[in-house]
Every structure is written in C-alpha cells, then in structure tokens.
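Start at 1 with the first residue, then count along the sequence.
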Amino acid sequence: MFRFGIMGAGGIAAKFCDAVRRLEDAKVAVVASKSVERAERFARENGVARFYGDYEEMLEREKPDAVYVATTNNFHFENVMQCIRHGCRRCARRACL
C-alpha cells in the first residue's frame, strides 16, 4: 500500500483525498497542519487515520512514501525542503494537480 502524507489541511487537500480514494493500493495515511485541532478535524472529515500539529514530527514518525504539499505558496519551498531532509524524495505541490 502506497502511503501519502499531506502538509496542510485546507480545501485543496480534501480534494486530494478524494482523488487518492479512487486509486488502488494507495491511501492518505496522515495529515499535518500548524494547528493540531485543524489537522484532527480534517482527518476525521476525510477518513485519514493519523494527524499531527507539526510537519517535522509527521515526517519523522510516519515516513510517508510521498507528501502532497497543500500549504500556502509562501511555505512550499520550506515544506519541500523538510520532506527532502526527512528522506521523502517524492512530493507534489498543490499547483501541480
């Protein structure tokens, strides 16, 4: 099973969850937001098993196969670099979809 993580818990991330549900052998396993409350609500509403209030902690503990970066544009570079530092070499910015 291919495991996606999501950085950011907004509307575009929910659309990404919908798209992943259509794939065989893939799931959104974890979501992180700067707000743990927002991440928890997003996880509950979108059927995501795990959630974090810290991007670094999510990457360290969960080690997703790929990360969808759904944060605001001004954080994309920082978020992609976090993924690279944690060994996640596959990530997509929201503008790519």
Side-chain angles (χ1 to χ4, degrees):
M1 177 70 64
F2 193 88
R3 298 173 60 252
F4 284 100
I6 298 178
M7 290 177 148
I12 194 72
K15 290 181 182 183
F16 181 76
C17 284
D18 290 340
V20 171
R21 276 194 277 283
R22 296 183 179 106
L23 301 174
E24 292 182 26
D25 297 323
K27 69 178 181 176
V28 175
V30 62
V31 63
S33 174
K34 288 184 177 181
S35 161
V36 71
E37 294 84 8
R38 187 170 181 160
E40 180 180 19
R41 184 175 60 247
F42 181 93
R44 187 176 56 252
E45 292 173 356
N46 291 280
V48 178
R50 313 248 329 160
F51 60 89
Y52 291 87
D54 182 272
Y55 302 131
E56 297 275 348
E57 184 179 9
M58 176 194 77
L59 293 167
E60 180 71 28
R61 290 186 179 197
E62 300 293 330
K63 302 191 183 335
D65 298 311
V67 174
Y68 181 63
V69 178
T71 57
T72 56
N73 290 339
N74 55 314
F75 288 108
H76 285 181
F77 178 79
E78 177 184 335
N79 297 146
V80 169
M81 294 307 294
Q82 288 172 316
C83 292
I84 291 169
R85 282 194 302 273
H86 285 276
C88 184
R89 302 289 190 238
R90 292 172 285 224
C91 59
R93 295 179 344 158
R94 65 186 171 108
C96 296
L97 296 179

Response to the item:
Correct closest heavy-atom pair for Pro64 and Met58 would be CD-O, 4.5 Å
Practice prompt. Indicate the atoms forming the closest heavy-atom contact of Cys17 with Val28, along with that distance.
Written response: SG-CG2, 4.0 Å
Worksheet item: Same cluster for Phe75 and Val30 if Ile/Leu/Val/Met/Phe/Trp/Tyr side chains link at under 4.5 Å?
Response: no
Practice prompt. Examine Met81 and Val69 and state if one hydrophobic cluster contains both, with Ile, Leu, Val, Met, Phe, Trp and Tyr joined whenever side-chain heavy atoms are less than 4.5 Å apart.
Written response: yes
Worksheet item: Can you list every salt bridge (Lys or Arg N to Asp or Glu O under 4.0 Å) pair that touches residues 9-24, not counting sequence neighbours?
Response: Asp18-Arg21
Item to complete: Begin from the C-alpha positions of Lys34 and Tyr55 and carry the test side-chain contact (heavy atoms from CB on, under 4.5 Å) through to its verdict.
Response: CA-CA 7 Å; Lys34 288 184 177 181; Tyr55 302 131; 3.9 Å; yes
Worksheet item: What pairs with Glu45 under salt bridge (Lys or Arg N to Asp or Glu O under 4.0 Å), at least two apart in sequence or on another chain?
Response: none
Nearest 0.5 Å please: distance from the [atom1] atom of [X] over to the [atom2] atom of [Y].
{"X": "Ile12", "Y": "Thr72", "atom1": "CD1", "atom2": "OG1", "value": "13.5 Å"}
{"X": "Glu56", "Y": "Met7", "atom1": "CD", "atom2": "CE", "value": "7.0 Å"}
{"X": "Ser33", "Y": "Tyr52", "atom1": "OG", "atom2": "OH", "value": "14.5 Å"}

Just to verify, what does [X] make a side-chain contact (heavy atoms from CB on, under 4.5 Å) with, not counting sequence neighbours?
{"X": "Ala14", "result": "Phe42, Asn46"}
{"X": "Arg3", "result": "Lys27, Ala29, Glu62, Asp65"}
{"X": "Lys63", "result": "Glu60"}
{"X": "Glu37", "result": "Ser35"}

Item to complete: Take Phe2 and Leu23 through the side-chain contact (heavy atoms from CB on, under 4.5 Å) test and state the conclusion after the steps.
Response: CA-CA 10 Å; Phe2 193 88; Leu23 301 174; over 6 Å; no
Worksheet item: What is the ring orientation for Tyr68 with Phe16, classed by angle as parallel under 30°, tilted 30 to 60°, or perpendicular over 60°?
Response: parallel
